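Working notes, beginning with the structure itself.
No experiment lies behind these values; they were computed from the predicted model shown. Proteins come first, then strands; the chains are lettered A, B, ... in the order of their sequence lines, and each starts at number 1.
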Amino acid sequence: MTNHEIIRLVDISKTFDDTPVLKNINLYIRRNEFVTLLGPSGCGKTTTLRIIGGFEEPTTGKVLFEGKDITNIPPYKRKLNTVFQRYALFPHMDVAENIAFGLNIKKIDKKLIKEKVENMLNLVNLQGFEKRSVDSLSGGQQQRVAIARALVNEPDVLLLDEPLGALDLKLRKGMQIELKNIQKKLGITFVYVTHDQEEALTMSDTIVVMNEGVIQQIGTPIDIYNEPKNAFVADFIGESNIIDGVMIEDYLVEFANHRFKCLDSGFEPNENVDVVVRPEDVKLVPKGQGMIEGRVLSVLFKGVHYEMLVQSNGIKWLVHSTLMEPVDSIVGINILPDDIHIMKKVR
Amino acid sequence: MKKGWIAYPYVVWLVIFIFVPLLLIVFYSVTKTTDEGIVFTLEYFKRFFEPIYIMVLLRSLYLALISTIICLLLGYPLAMILASKEFRHKRVLLLLVVIPMWMNFLLRTYAWLTLLEKNGVINTFISFIGLPKMELLYNQGAVVLGMVYNFLPFMVLPIYSVLIKIDKSIIEAAEDLGANSRTVFRKVIFPLSLPGVVSGITMVYMPAVTTFVISRLLGGGQFTLIGNLIEQQFLYTGEWGFGSALSLLMMILILFSMAIMSKYEKESEGGGLF
């Protein structure tokens with residue numbers, strides 16, 4: 001255990017009505033870290049968060065907080081706070097009362113509460129909203145109140161369950177930056193649940209990719225994007241071409257009827273592997289200059305780049321490029337060794 | 001509203017069966033037939049303020065209040081049990097709460113007679129185990145028991161319907177912010193259930209004030225309530241004028257308390273049954 005570790009999940013499993021939701025989750029979270037649990041819906045990320053928050057008891061396994069077992073401690077005794085998916089504001093209280101809820105329970109001096117509530121409203125840019133009823137707020141404003149209500153208690157860890165899920169794209173981008181700033185400013189550990197890979201890449205220090213109740217990969221956003229551990233991660237984080245290949249020998253892989261140099265080693269000779277290539281790493285060059293050749297099937301304009309499908313030797317390559325090639329033109333395709341990611345077949 | 005004509009049959013119904021009878025009641029209450037024909041009078045209203053009738057009113061209000069409080073104290077926990085997710089047999093329990101409402105009100109009250117009678121089921125059991133027989137019927141307790149028994153579902157159901165709509169995550173949020181289960185109830189669940197409580201109180205208190213069957217059967221005619229008084233005027237003494245005046249005063253009283261209740265409900269916000 002490192003000194004900076006604050007939460008550790010040990011062999012956590014959870015079963016709902018005989019359906020396993022989490023299988024043997026082991027994870028530690030460092031102090032002041034922004035950790036994101038990322039995965040498709042139903043992957044167990046929210047359940048993991050609820051187990052940390054104390055709203056769900058694991059079927060087996062332990063939750064450690066600063067080294068102490070808190071598995072059976074009720075939520076109200078835990079030094080962490082949660083921002084709920086649908087905000088869960090108290091409808092019978094105004095904004096200030098909502099934010100002051102936790103402080104009032106701790107029986108703190110009224111004047112101090114008022115001051116803290118004001119500070120929080122400043123932090124989340126809702127000055128002057130004290131007396132507003134929560135029903136009269138927009139989704140984004142309710143979200144800020146929910147965040148303020150949790151943060152005012154100065155928790156060691158803030159748990160956030162898809163807090164931006166209900167906001168529109170522009171608001172969400174703004175809130176992502178704001179949340180990240182708040183996290184840095186207050187130096188609080190954030191455990192963040194989302195299914196949005198872009199959100200995870202933007203905000204996190206560490207991403208935990210989950211699928212079907214199993215942790216697929218833990219790493220920094222850059223690691224996870226550039227070195228996905230398996231085809232699921234590669235597919236889930238960003239778009240990918242995932243192709244069947246054969247590892248001829250160390251540093252040489254064959255796919256699409258061509259042998260490519262790569263940087264991977266340690267496979268059996270002629271082992272079947274998954275080859276992952278990011279669409280932006282498939283370089284289109286004039287006909288005759290590429291390692292392989294293909295025909296452009298379709299072109300879509302995506303704003304910053306064009307998205308093209310190029311057929312070559314029975315494989316449809318997804319290609320992102322700022323330069324457009326016309327449909328039906330024959331192009332060359334180059335893939336650099338650095339951009340080829342070899343993964344063991346899961347099955 | 002383009003399809004306004006759809007409302008016409010209802011309007012006709014309302015006029016024939018509610019508006020006209022109401023006018024008749026008003027008419028009876030302020031007129032009397034003398035030798036010179038029908039003349040205007042306020043004597044029926046004046047008569048109501050005689051101490052004996054005021055006593056009847058106060059007794060009605062008092063017994064209804066006691067019954068309502070007991071219904072609330074019994075009904076709220078029951079509604080909470082019904083609304084809780086963990087409780088496994090809630091469907092059965094809910095059914096048990098509702099089933100008596102499917103049976104005739106009179107029959108249910110008569111059933112209590114056989115239980116409470118001098119030689120009824122309970123006294124037979126008591127004397128069987130060697131204790132002296134008790135006077136269970138024809139006292140205030142029996143009337144209150146009858147009211148609580150008959151009106152309890154009307155307290156439970158509105159509270160239940162409000163409780164079940166409270167978002168579970170709001171309760172989790174309160175727990176998350178440091179509230180133990182008592183504080184969660186005091187600061188979140190109870191305030192949010194107030195519209196249901198107000199509806200429940202209204203739905204129990206109103207019929208309890210005006211009932212005459214329960215007080216006659218279980219009170220043995222010794223506890224004349226306002227409902228009995230009205231019944232007597234129409235069926236036995238034939239004083240339709242006084243009966244009408246009493247009914248009108250009762251209606252005004254009910255409207256008045258409904259207004260207070262609905263004002264209170266608006267302040268607490270939310271959707272009850274009214």
Original post:
What residue in A:Asn81, A:Asn153, A:Leu159 has the most heavy-atom pairs under 4.5 Å with chain B?
Top reply: A:Asn81
Subject >> Among the listed options A:Val152, A:Ile105, A:Asn104, the residue most often paired with chain B at heavy-atom distances under 4.5 Å >> reply: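 Top count of heavy-atom pairs under 4.5 Å with chain B: A:Ile105.
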Original post:
Can you tell me if CZ on A:Arg172 sees more than 12 non-hydrogen neighbours from other groups inside 6.0 Å?
Top reply: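 It does: A:Arg172 CZ has more than 12 such atoms within range.
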Original post:
salt bridge (Lys or Arg N to Asp or Glu O under 4.0 Å) with A:Lys14: which residues, sequence neighbours excluded?
Top reply: none
Original post:
Which bit of A:Arg149 comes within less than 4.5 Å of chain B, counting heavy atoms only: side chain, backbone, both or neither?
Top reply: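 Both parts, backbone and side chain.
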Subject >> Atom group of A:Leu103 that falls short of 4.5 Å from chain B, counting heavy atoms >> reply: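 No part of A:Leu103 comes within 4.5 Å of chain B.
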So [X] and [Y], would you call those rings parallel, tilted or perpendicular, with 30° and 60° as cut-offs?
| X | Y | value |
| --- | --- | --- |
| B:Trp13 | B:Phe17 | tilted |
| A:Phe34 | A:Tyr192 | tilted |
| B:Tyr76 | B:Phe185 | perpendicular |

Subject >> Pair A:Glu162-A:Lys45, salt bridge (Lys or Arg N to Asp or Glu O under 4.0 Å): steps then yes or no >> reply: CA-CA 10 Å; A:Glu162 306 220 16; A:Lys45 55 191 191 303; 3.5 Å; yes
**OP:** Residue by residue, scan residues 166-178 of chain B and write down, ordered by number, those that have a heavy-atom distance under 4.5 Å to chain A; if none do, write 'none'.
**Re:**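 B:Asp167, B:Ser169, B:Ile170, B:Glu172, B:Ala173, B:Ala174, B:Glu175, B:Asp176, B:Leu177, B:Gly178, listed by number.
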Original post:
Do A:Lys180 and A:Glu199 meet the salt-bridge criterion of a basic N to acidic O distance under 4.0 Å?
Top reply: no
**OP:** Take A:Lys185 and A:Glu178 through the test salt bridge (Lys or Arg N to Asp or Glu O under 4.0 Å) and record every step on the way to the result.
**Re:** CA-CA 10 Å; A:Lys185 200 155 136 193; A:Glu178 259 182 75; over 6 Å; no
